[in-house]
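This report refers to the structure that appears directly beneath it.
The structure presented is a predicted model; accordingly, all values stated were derived computationally and were not measured. Only this structure's heavy atoms are used, side chains among them; waters, hydrogens and symmetry mates stay out. Chain identifiers are assigned alphabetically (A, B, ...) following the order of the sequence lines, protein sequences preceding nucleic acid strands; residue numbering begins at 1 within each chain.
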Number of protein chains: 2
Amino acid sequence: MRNVTIKDIARLSGVSVATVSRVINNNGRFSEETRQKVLQVIEETGYQMNFSAKSLRMNRSFTIGILVPDISNYFFADVVQQIEEKFFELGYSTIICNTARNSDKEQKYLTILESKSVDGIIVISGASEEGIEFNFEKTIPYICIDRKPKDEKNTLFISSNHYQGGFIATEKLIELGSKQPVIVLHQLLTSSSKERAKGFVDAMKKNSLYFDETVNQLILGTEQDDITQQVTDFLTKHPETDSFFTTNDILALKILKIVKTLGINIPASLKVIGFDDVPSSQYSTPTLSSIRQNTEEIARVATKSLLAFIDGDDKQQGKQILIPVELVSRESIE
Amino acid sequence: MRNVTIKDIARLSGVSVATVSRVINNNGRFSEETRQKVLQVIEETGYQMNFSAKSLRMNRSFTIGILVPDISNYFFADVVQQIEEKFFELGYSTIICNTARNSDKEQKYLTILESKSVDGIIVISGASEEGIEFNFEKTIPYICIDRKPKDEKNTLFISSNHYQGGFIATEKLIELGSKQPVIVLHQLLTSSSKERAKGFVDAMKKNSLYFDETVNQLILGTEQDDITQQVTDFLTKHPETDSFFTTNDILALKILKIVKTLGINIPASLKVIGFDDVPSSQYSTPTLSSIRQNTEEIARVATKSLLAFIDGDDKQQGKQILIPVELVSRESIE
DNA sequence: TTGTATGCGTTATCAC
DNA sequence: GTGATAACGCATACAA
């Protein structure tokens with residue numbers, strides 16, 4: 001059986017399509033009587049609106065696109081889920097675009113999203129490493145999470161306060177007695193990591209500790225399997241190291257394992273704090289302390305702002321919103 | 001500036017809209033000359049097809065819907081990502097519907113997906129616990145992953161071979177010397193867990209071990225914080241227990257922690273195998289052995305089958321496809 | 001090989 | 001308060 005359309009509803013309820021449309025969208029005037037009748041027929045027939053037609057006509061799709069580098073990353077998945085939830089409640093569905101950190105794919109997706117007349121786009125983090133430009137200057141409103149947009153004037157930049165995260169983590173380590181904290185980072189830094197590092201340095205400074213690039217910083221090379229060697233070497237060279245702040249949890253978890261094999265006691269001789277609070281942090285031995293991003297708040301602000309953009313509000317454009325983070329204290333420092 | 005349409009292309013290249021459409025879709029006949037011309041104009045103008053119009057006309061949206069209970073669950077995220085990737089390559093985009101295990105939301109999403117004329121739907125696992133029916137008997141092709149459909153005839157059921165997983169895990173434990181293996185499960189069982197348990201029992205039987213409900217099985221109550229007590233009690237009551245097979249990794253990771261505090265050595269005195277191979281398994285101490293589902297293959301089969309359905313092939317309908325799993329051996333048994 | 005004309009299901013602008 | 005009807009952008013049956 002063919003799908004029932006507004007035309008059928010009109011015929012069956014003895015009114016015109018125009019009236020049916022008015023009733024459905026509660027827009028314009030009609031008598032209570034016809035409203036009842038139309039609604040009843042709709043109920044009976046199981047009529048469902050055709051989104052394609054509506055989108056074509058209105059040039060709106062009630063759909064938003066979310067560009068995300070890697071949906072199987074816990075932090076991203078969490079944010080996406082919360083955004084999806086909020087938009088769903090408002091009658092929007094979301095097209096999730098997993099760019100796999102591939103800027104080609106990202107560009108293709110942007111084209112598709114435009115083709116599909118999405119009403120807005122949320123860009124989470126970068127496709128590839130930092131520095132890639134976001135070649136999207138069309139008319140669709142978009143907001144950026146954790147990625148500095150190339151042209152900040154057209155959009156809004158939402159991000160966790162990574163600086164604060166680095167700062168409070170480091171202060172905590174110092175407060176717990178660390179005299180020689182070390183920040184562990186990857187060679188190529190995202191802008192988030194840079195902020196985290198800045199927080200680290202400033203916290204040292206504020207607590208009258210001198211930041212020495214050689215002593216207080218461990219920069220890891222790209223090769224994965226080399227980490228054990230690099231960490232071991234570093235600790236041999238700098239045995240006074242008494243705490244690590246890593247720019248992400250995976251690094252911290254690996255270090256936890258390495259340090260254990262070296263017979264160093266955590267947290268007694270060495271304290272560790274990571275970043276992101278991934279689920280694995282709860283299952284390591286010792287459990288890992290970490291900086292947790294407030295995904296709920298990020299999602300809330302992102303949703304609210306994008307909706308404002310869609311409604312033509314451009315007051316927030318060009319702004320940057322920083323969401324506070326919090327320290328989750330576990331065995332690795334307790 | 002208004003969006004450029006095929007009408008504009010037609011005008012600019014001096015042909016009719018019909019011809020433009022033919023060229024774009026490479027469908028019907030046209031001279032090489034006009035092809036060149038049209039393509040050039042398209043290039044110059046940056047023309048982008050309007051999906052809404054195309055969908056309306058063709059009654060297809062080149063979009064598929066994925067119903068998933070919880071996108072922040074690693075296994076689901078992994079499957080979704082792989083499905084998305086494969087469909088993207090074929091020119092489809094995917095609407096991800098996070099049902100949050102809420103059957104109301106699931107039903108609403110199904111309505112929306114139908115409204116949007118999606119070409120197919122992939123349903124991953126159940127909205128809520130097992131037993132909920134899938135009230136979707138419209139014409140849209142759909143396939144089920146890890147969820148037994150109510151009406152099996154209209155669809156295809158793809159699932160990991162959970163039975164095999166339980167079986168090989170148990171055989172491994174026995175092969176490594178376990179005389180009294182114990183399966184750990186939650187009170188309310190999903191059909192997957194039931195299969196895993198069946199594999200456990202059969203593996204014992206095959207290896208001439210008698211399965212005693214009291215001795216070889218630990219059923220956990222619903223309260224989270226009670227687990228420590230329950231596991232401790234069980235081990236006190238059954239000190240001969242020399243291995244655990246848990247129906248999921250989270251359970252296994254918790255048990256790892258509990259057992260360690262009891263001073264029992266893993267794997268020397270007690271071996272543990274989990275299920276799912278979540279990322280945390282690599283960071284626990286000891287690292288956790290687990291059964292890994294082949295998400296890549298699940299995604300591959302799901303994509304292929306759904307496309308076949310969409311193309312009207314119904315040979316596979318009513319069938320069930322089991323994807324083999326594999327044992328990942330780590331410190332908890334080595 | 002190409003063009004004309006029609007309709008997909010809606011909303012919105014008129015007129016009544 | 002209601003009804004005709006014209007778009008929206010595209011694919012296609014039918015003519016030429």
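Checking each of A:Val20, A:Val38, A:Asn50, A:Ile42 against A:Ile6 for a side-chain contact (heavy atoms from CB on, under 4.5 Å) leaves exactly one that passes, namely A:Val20.
Rounded to whole Å, the distance from CE on B:Met58 to P on D:dA13 is 11 Å. Between A:Lys116 atom NZ and D:dC8 atom P there is a gap of 23 Å when expressed in whole angstrom units. Straight-line distance from the CZ atom of A:Arg22 to the C1' atom of D:dG3: 8 Å, rounded to whole Å. When rounded to the nearest whole Å, the span between CZ of A:Arg11 and C1' of C:dG9 equals 14 Å. Computed from coordinates, the A:Ile6 CD1 to D:dA4 C1' distance equals 14 Å when rounded to whole Å. Between B:Ile24 atom CD1 and D:dC10 atom P there is a gap of 7 Å when expressed in whole angstrom units. Rounded to an integer number of Å, the gap from CZ of A:Arg60 to P of C:dA12 is 11 Å. Spacing between atom NZ of A:Lys7 and atom P of D:dG3 amounts to 15 Å, rounded to whole angstrom units.
Distance from the side chain of A:Phe30 is smallest for D:dT2 among the nucleotides D:dC10, D:dT2, C:dC8. Of the candidate nucleotides D:dG1, D:dC10, C:dG9, D:dG1 has the atom lying nearest to any side-chain atom of A:Ser31. Closest to the side chain of A:Thr19, from the set D:dC10, C:dT10, D:dT2, is D:dT2. Candidate nucleotides C:dA12, D:dA4, C:dC8 were compared by shortest atom distance to the side chain of B:Leu56, and C:dC8 ranks first.
Screening residues 59-79 of chain B for salt bridge (charged side-chain N to carboxylate O under 4.0 Å, His left out), with sequence neighbours left out, gives B:Arg60-B:Asp119. Sorted by first then second residue, the salt bridge (charged side-chain N to carboxylate O under 4.0 Å, His left out) pairs that include residues 37-51 of chain A, not counting sequence neighbours, number zero.
Few gaps surround NZ on A:Lys105; more than 12 heavy atoms of other groups in view lie less than 6.0 Å from it.
Sorted by residue number, the list of members of residues 34-42 of chain A with any non-hydrogen atom under 4.0 Å from DNA chain C is empty.
Considering only residues two or more places apart in sequence or on other chains, A:Asp104 meets the side chain to side chain contact (heavy atoms under 4.5 Å, CB included) condition with A:Asn102. With sequence neighbours left out, A:Lys7 forms a side chain to side chain contact (heavy atoms under 4.5 Å, CB included) with A:Thr5, A:Val17. A:Glu32 meets the salt bridge (Lys or Arg N to Asp or Glu O under 4.0 Å) test with A:Arg35; sequence neighbours excluded. Applying the side chain to side chain contact (heavy atoms under 4.5 Å, CB included) rule to A:Arg11 yields the partners A:Asp8; only residues at least two apart in sequence or on another chain are considered. Under the rule for a side chain to side chain contact (heavy atoms under 4.5 Å, CB included), the partners of B:Asn27 that lie at least two apart in sequence or sit in another chain are B:Asn25.
Take the nearest nucleotide of DNA chain C for B:Ala53 and for B:Arg29: the residue whose nucleotide is more 5' is B:Arg29.
Across all strands shown, B:Tyr47 has heavy atoms under 4.0 Å from sugar-phosphate atoms exclusively, and none from any base. Contact annotation for A:Asn27: backbone-only contact, meaning every heavy-atom pair under 4.0 Å involves sugar-phosphate atoms and none involves a base. Using a 4.0 Å heavy-atom cutoff across all strands shown, A:Asn25 reaches sugar-phosphate atoms only and no base atom.
A donor atom on one side chain and an acceptor atom on the other are found under 3.5 Å apart for A:Lys116 and B:Ser93.
For D:dG9, neither phosphate oxygen OP1 nor OP2 lies less than 4.0 angstrom from any side-chain nitrogen or oxygen of B:Thr5.
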Close N/O contacts between protein and nucleotides 5-7 of chain C (under 3.5 Å):
from	atom 1	to	atom 2	distance (Å)
C:dG7	N2	B:Arg57	NE	3.4
C:dG7	N2	B:Arg57	NH1	3.0

